[in-house]
Amino acid sequence: MTTAAARDILENLNKEQREAVEAVDGPVLIIAGPGSGKTRVITHRIAYLVRTLGVNPRRILAVTFTNRAAREMRSRVESLIGDRANRLTMGTFHAFGARILREFGEDIHVPSDFVIYDQDDQTSVMKRAIEAEGLDPHTYRAPAVLNAVSGAKNMMLTVSDYQSQAGNRYERIVASCYDRYEQLLKAAHAVDFDDLLMKPVLLLRSNPEVRDKLQNRYDHVMVDEWQDTNRAQYELTSLVAGKHHSLCVVGDPDQSIYAWRHADIENILRFERDFPETQTIPLGRNYRSTSTIVDAAHALVKANKDRKEIELTAEKGSGRPVTIESADDEEYEALYVAEEIERLVAEEKTRYGDCAIMYRTNAQSRAFEDAFNRTGIRYRIVGGLRFWERREIRDVVAYLRVLRNPFDDISLLRIVNVPTRGIGRRSLDLLQQWAEANNVPLYAAMQVAAEGEGPNVPLLPAQSQHPVRAFVQMMTELLEALRGEDVLEFFDQVLSKTGYREFLEADENAEDRLDNVEELRNVAAQYQALESGEAFAAFLDQVALSTDLDAALREEGSERLDAVTLITLHQAKGLEFPIAFIVGVEEELLPHFRSLESGDPAELEEERRLCYVGMTRAMDRLYMTHAMRRNTRGVYSQRKPSQFLRDLPQELIKRRVPSLSGFSGPREPMPEPQLDVPKAPAPFRPGDHVGHARFGQGVVVACLETPTRDDFEVTVAFKGQGVKRLLAGLAGLEKLN
DNA sequence: CAACAACAATTTTTT
DNA sequence: ATTGTTGTTG
């Protein structure tokens, strides 16, 4: 940011951007196309409020989806208004929700020592809920049920709401799991990610005092990535903003790619409906990409039926055509990309750091890692196994959580026998039974067992009692240490007394894993100034809420490497790269198999938007590649180019002739890319009634060609038998009328 | 109780 | 191919 921009905030903005910055009175909806300076508008709007209109930064709330976005926004605002930026309330929806719960949670019976459960913890809780309901965990898989429950929470449906609207058997079962799941969370003094949104809304709905307090706290509310908000987030926003406050949301319906996470694209329309005086400002000038890229991407997304047209104009020149490359298989696809990057680096003034490889699924990174390792191209993978998901981190965090909150059974179960200390499943079963019967947390049961026996019966066989006693003894000592100890000293004591450090040292990846723990310790160090109890609460909240903290830490330490970025299309949203390769642009990959399987056109449209998001990341050059066959899970399958390629105007694309790539030596001539492979007629269609020798009668849900294209996989919902997947050639399905 | 083997499952994942 | 979960054996 230049000093000139800091001097006059409205300078260097185009007409529509300036309009958006100056619209500070009523509700404002900014529809921001890709590369249209969205972040610039938000940051300048904040600066305009503070510097030009004299608004106290404390009275501004800015909400984002990611910590990364929040960080970036804060630093950019800082360059415009200086230290005053520190006084802004700026963060993710979930962090904001957590903050409300920490402040006012007791009003809705959220205990002040609550811990935040992430997806992994949630799955564990749901698993227990399903077992507790006596359901078969194979038929009712925890992630699926959890997804339904999460969806309910995102739509602000409480257990009783969900129970009363449950229409079929499955939903009634989900309802019972939801109920049990909530009980387990409550007993653990835990809230899940969705609760961080839902509970504050319930609080603000029911408690006018708290509502007034919050509404009076902020005069200006801004929300980024509005197209990805769910119902709970919508309501949280409108409750906090109140009717009379200045509320500004920014989004782009064409970049909505999180419907599968219960984002509700309707929120854009709903906003204009709920706030009729809304001023809608489109930002349609793209400063990022060449006109070729903008036009090609626009042509693609235009193929979506459920869409409102927005004018997009490119400010840059036309540049090069979009290059489409067919490769024999994923290995050649990767080699092609590697070779092309080397060529760009050698012949054009490209740096490795300018290039990004974007793919639909993480598994696709493999071939590129191999190719880059072989050619010596530096690369970095975004995502993959994230810091907080590493086992050693989760383990240490679990110890800390239990020490802070002894009700946290899930964390206790995680670490009670890590390292192994002779507390096995049998013992734990007995302890859990007793805990359940007496309605106390598991840790309490262990304490009782360590003492000797329960009220009437011995809790554990004498032999099993000893390790439990040792464990409780150890935890008691640590709790002693927690009092008044320095955060870091305590951290170190946890590692040594629990034997976890030794346990890691014995591991084959000891060095890496110890490094990771050391990084966690560095995070804890940031809280040294606080009193230890406080410090741990704040520390554990940060741990739960910053899933990308490792990225922050790493970037801080080492200057950004000149390396090619490997990233999923989803994660690439909001980024930009001079050179972008979208790889694996194939049917059943992009669009993904699962979106085709469902037969839901909305899912296909989301895949198309995902492709659109990917294309619009490219600034100067865009490549889209696909393979004719691909090794997936050990077997090769024939692949077809993505139907999306057909949506691109011929005059904007250039197909490379693959045999010119040279590096591969002699090989078979490659078939021309076929964009219109005729489909073999499907033997069944969704809706057909069929009969099966074993499963009886059913209705066809879907009928898809197998990857080898020699048969069809038919998904059939059988009466009373559930949904089965069968091969048409083998199952002997009979079509009924 | 713990180590090992057989077994399924495997899109994306801002928090 | 890989990984985590479940069941069997020592």
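In what follows, chains carry the letters A, B, and so on, assigned in the order in which the sequence lines appear, proteins first and then strands, with residues in each chain numbered from 1. Heavy-atom basis, side chains included; hydrogens, waters and symmetry copies ignored.
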**OP:** For A:Leu413 and C:dT5, give me the distance from atom CG to atom P, rounded to whole Å.
**Re:** 14 Å
Subject >> Rounded distance (Å) that lies between atom P of C:dT3 and atom CZ of A:Arg390 >> reply: 14 Å
Subject >> Sugar-phosphate only, base, or nothing, as touched by A:Gln119 at under 4.0 Å among non-hydrogen atoms >> reply: base
**OP:** Assess whether side chain to side chain contact (heavy atoms under 4.5 Å, CB included) is satisfied between A:Leu197 and A:Tyr234, documenting all intermediate values.
**Re:** CA-CA 10 Å; A:Leu197 308 171; A:Tyr234 181 97; over 6 Å; no
Original post:
Nearest heavy-atom pair of A:Arg608 and A:Val301: which atoms, and what distance?
Top reply: CD-CA, 4.3 Å
Subject >> Rounded distance (Å) that lies between atom C1' of C:dT6 and atom CG of A:Asp136 >> reply: 13 Å
Original post:
C:dT3 P sits how many Å from A:Arg391 CZ, rounded?
Top reply: 11 Å
Subject >> Partners passing side-chain hydrogen bond (donor to acceptor under 3.5 Å, both in side chains) against A:Asp395 (at least two apart in sequence or in another chain) >> reply: A:Arg414, A:Tyr500
Original post:
Side-chain N or O of A:Asn417 less than 4.0 angstrom from OP1 or OP2 on B:dA2?
Top reply: yes
Original post:
What integer distance in Å separates A:Leu575:CG from B:dT14:P?
Top reply: 12 Å
**OP:** Produce a footprint string for nucleotides 5-12 of chain B: one letter per nucleotide, 5' end first; B if the base is under 4.0 Å from any protein heavy atom, S if only the sugar-phosphate is, - if neither.
**Re:** ----SBBB
**OP:** Check every strand shown and say whether A:Asn631 touches a base, only sugar-phosphate, or nothing at a heavy-atom separation below 4.0 Å.
**Re:** nothing
Original post:
Any side-chain donor-acceptor pair under 3.5 Å between A:Asp224 and A:Thr64?
Top reply: no
Original post:
How many Å lie between CZ on A:Arg414 and C1' on C:dG4, as a whole number?
Top reply: 13 Å
**OP:** Could you tell me whether the side chains of A:Gln542 and A:Tyr527 share a donor-acceptor contact shorter than 3.5 Å?
**Re:** yes
Original post:
Taking the nucleotide of DNA chain B with the closest heavy atom to each, which residue, A:Ile423 or A:Asp228, is nearer the 5' end?
Top reply: A:Ile423
Subject >> Length of the line joining A:Gln364:CD and C:dA1:C1', which is rounded to integer Å >> reply: 15 Å
Original post:
Side chains of A:His262 and A:Asn230: donor-acceptor distance under 3.5 Å anywhere?
Top reply: no
Original post:
Are A:Asp252 and A:Gln227 linked by a side-chain donor-acceptor pair shorter than 3.5 Å?
Top reply: no
**OP:** Would you indicate, yes or no, if B:dC1 has its OP1 or OP2 atom less than 4.0 angstrom from a side-chain nitrogen or oxygen of A:Ser427?
**Re:** yes
**OP:** Round to the nearest Å and state the distance from A:Met90 atom CE to B:dT14 atom C1'.
**Re:** 17 Å
